[in-house]
S.K.: 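Before anything else, here's the structure in question.
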Amino acid sequence: MHQDIKKVLVTEEELYEITKKLGEKITKDYQGKKLLMVGVLKGSIYFLTDLSRHIDLPCQLDFIQASSYGSGTVSSGNIKITKDIADDLSEFDVLLVEDILDTGNTLKHIYDMLIQRNPQSIAVITLLDKPSRRVADIKADYVGVDVPNEFVVGYGLDYDQYYRNLPYIGVLKEEVYEK
Ligand code: IMP
Ligand code: MG
């Protein structure tokens with residue numbers, strides 16, 4: 001697995017520091033609120049589990065999953081929800097947890113859908129941001145780290161459903177795609 005990685009972008013130690021810092025910030029910002037963390041499956045699971053352990057507040061966890069249909073490797077605007085959360089969010093301050101914000105199409109769709117369920121508030125946290133790739137009108141309220149426009153894997157992020165369990169974030173070697 002490690003031999004397929006060209007370059008490590010974010011090390012395990014850096015991931016620890018990033019999640020700790022973000023968790024402490026969330027702890028400050030969500031005092032007295034009823035926090036519901038909603039992870040976007042599957043990529044966010046490593047980030048969500050580490051982040052939530054640095055949040056010193058009562059909080060609930062749930063997961064949502066969307067698939068983008070249409071053509072190509074870039075997400076289209078045609079998004080289908082394949083696993084949903086509660087219809088009524090009126091008592092919660094929702095924090096949407098993403099692995100990476102790329103075009104933003106997927107998250108924008110989820111955000112617009114959840115806001116209609118009247119949450120107390122809704123905010124977005126993403127571990128990685130590729131701001132140069134943004135198409136949809138959506139911005140993260142909390143960002144771990146900006147990454148260049150390269151395809152990254154590990155710590156939840158996949159290539160063809162593999163490499164999610166790499167403990168760091170890295171760039172795949174080109175020959176892996178060419179196999
Ligand atoms: P978006 O709708 O274009 O923002 O797509 C976001 C989703 O595409 C992310 O949640 C990831 O699952 C996936 N994605 C985008 N960029 C990468 C990458 O560099 N590596 C792995 N997955 C990625
Ligand atoms: Mg994702």
Side-chain angles (χ1 to χ4, degrees), residues 1-12 14-15 18-19 22 36-52 61-85 94-116 122-179:
M1 191 166 62
H2 301 280
Q3 69 279 5
D4 294 341
I5 301 302
K6 182 166 74 175
K7 175 172 70 176
V8 176
L9 273 188
V10 192
T11 65
E12 282 187 74
E14 286 164 342
L15 286 166
I18 290 167
T19 50
L22 288 171
L36 171 64
M37 297 177 76
V38 178
V40 182
L41 291 172
K42 304 171 189 168
S44 71
I45 59 165
Y46 292 79
F47 178 44
L48 185 141
T49 53
D50 284 345
L51 173 69
S52 61
L61 309 180
D62 209 344
F63 295 92
I64 198 163
Q65 187 162 28
S67 70
S68 148
Y69 52 97
S71 59
T73 50
V74 175
S75 72
S76 65
N78 301 322
I79 312 246
K80 197 173 122 204
I81 301 295
T82 51
K83 192 229 168 281
D84 204 349
I85 59 166
V94 174
L95 184 60
L96 266 174
V97 184
E98 252 292 27
D99 51 357
I100 186 165
L101 205 47
D102 188 36
T103 67
N105 285 330
T106 312
L107 206 65
K108 170 77 175 153
H109 180 90
I110 294 172
Y111 186 96
D112 288 351
M113 184 182 85
L114 296 186
I115 212 150
Q116 289 169 25
I122 181 161
V124 171
I125 184 165
T126 186
L127 174 63
L128 307 177
D129 196 1
K130 279 185 190 166
S132 62
R133 297 254 309 160
R134 197 65 30 79
V135 173
D137 178 22
I138 188 146
K139 206 177 156 289
D141 301 275
Y142 304 92
V143 175
V145 63
D146 283 357
V147 287
N149 186 15
E150 287 183 287
F151 194 79
V152 295
V153 294
Y155 198 68
L157 292 130
D158 71 301
Y159 168 65
D160 206 12
Q161 297 301 327
Y162 286 97
Y163 302 101
R164 293 192 197 276
N165 59 322
L166 271 182
Y168 52 84
I169 290 171
V171 180
L172 268 184
K173 288 181 181 163
E174 279 84 13
E175 59 244 46
V176 177
Y177 302 93
E178 289 154 12
K179 265 182 204 162

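Each ligand, and each atom within it, is numbered from 1 in the order the structure gives.
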S.K.: Check this for me: does any side-chain nitrogen of one of K42 and D99 sit under 4.0 Å from a carboxylate oxygen of the other?
M.R.: no

S.K.: Please list, in number order, the atoms of ligand 1 under 4.0 Å from a heavy atom of D158.
M.R.: 21 (C)

S.K.: Between K130 and ligand 1, which residue portion shows a heavy-atom distance shorter than 4.0 Å: side chain, backbone, both, or neither?
M.R.: side chain

S.K.: Taking only Lys NZ, Arg NE, NH1 and NH2, and the carboxylate oxygens of Asp or Glu, determine whether K83 and D62 approach each other closer than 4.0 Å.
M.R.: yes

S.K.: Need the ligand 1 atom indices (1-based, order shown) with element for anything under 4.0 Å from a heavy-atom of T103.
M.R.: 1 (P), 2 (O), 3 (O), 4 (O)

S.K.: For ligand 1, is there an N or O atom under 3.5 Å from any N or O atom of G104?
M.R.: yes

S.K.: Which of the numbered atoms in ligand 1 are under 4.0 angstrom from any heavy atom belonging to E150?
M.R.: 19 (O)

S.K.: Check this for me - ligand 1, V152, N or O atoms closer than 3.5 angstrom, yes or no?
M.R.: yes

S.K.: Any heavy atom of L157 closer to ligand 1 than 4.0 angstrom?
M.R.: yes

S.K.: Assign the ring pair Y177 / F151 to parallel, tilted or perpendicular, where the plane angle (0 to 90°) is split at 30° and 60°.
M.R.: perpendicular

S.K.: Going by heavy-atom distance to atom 10 (O) of ligand 1, choose the closest among D99, D129, V171.
M.R.: D99

S.K.: Please identify which atoms of ligand 1 are closer than 4.0 Å to at least one heavy atom of T106.
M.R.: 1 (P), 2 (O), 5 (O)

S.K.: Pairing donors with acceptors under 3.5 angstrom, does anything connect the side chains of Y155 and D50?
M.R.: yes

S.K.: Should the heavy atoms of other residues, nucleotides or ligands under 6.0 Å from CG of D160 be counted, would the total exceed 12?
M.R.: yes

S.K.: With heavy atoms of E98 as the reference, note each atom of ligand 1 found under 4.0 Å away.
M.R.: 10 (O)

S.K.: Quick one: does V147's side chain get under 4.5 Å of K130's, heavy atoms only?
M.R.: yes

S.K.: Is there a side-chain contact between Y159 and D4 (heavy atoms, below 4.5 Å)?
M.R.: no

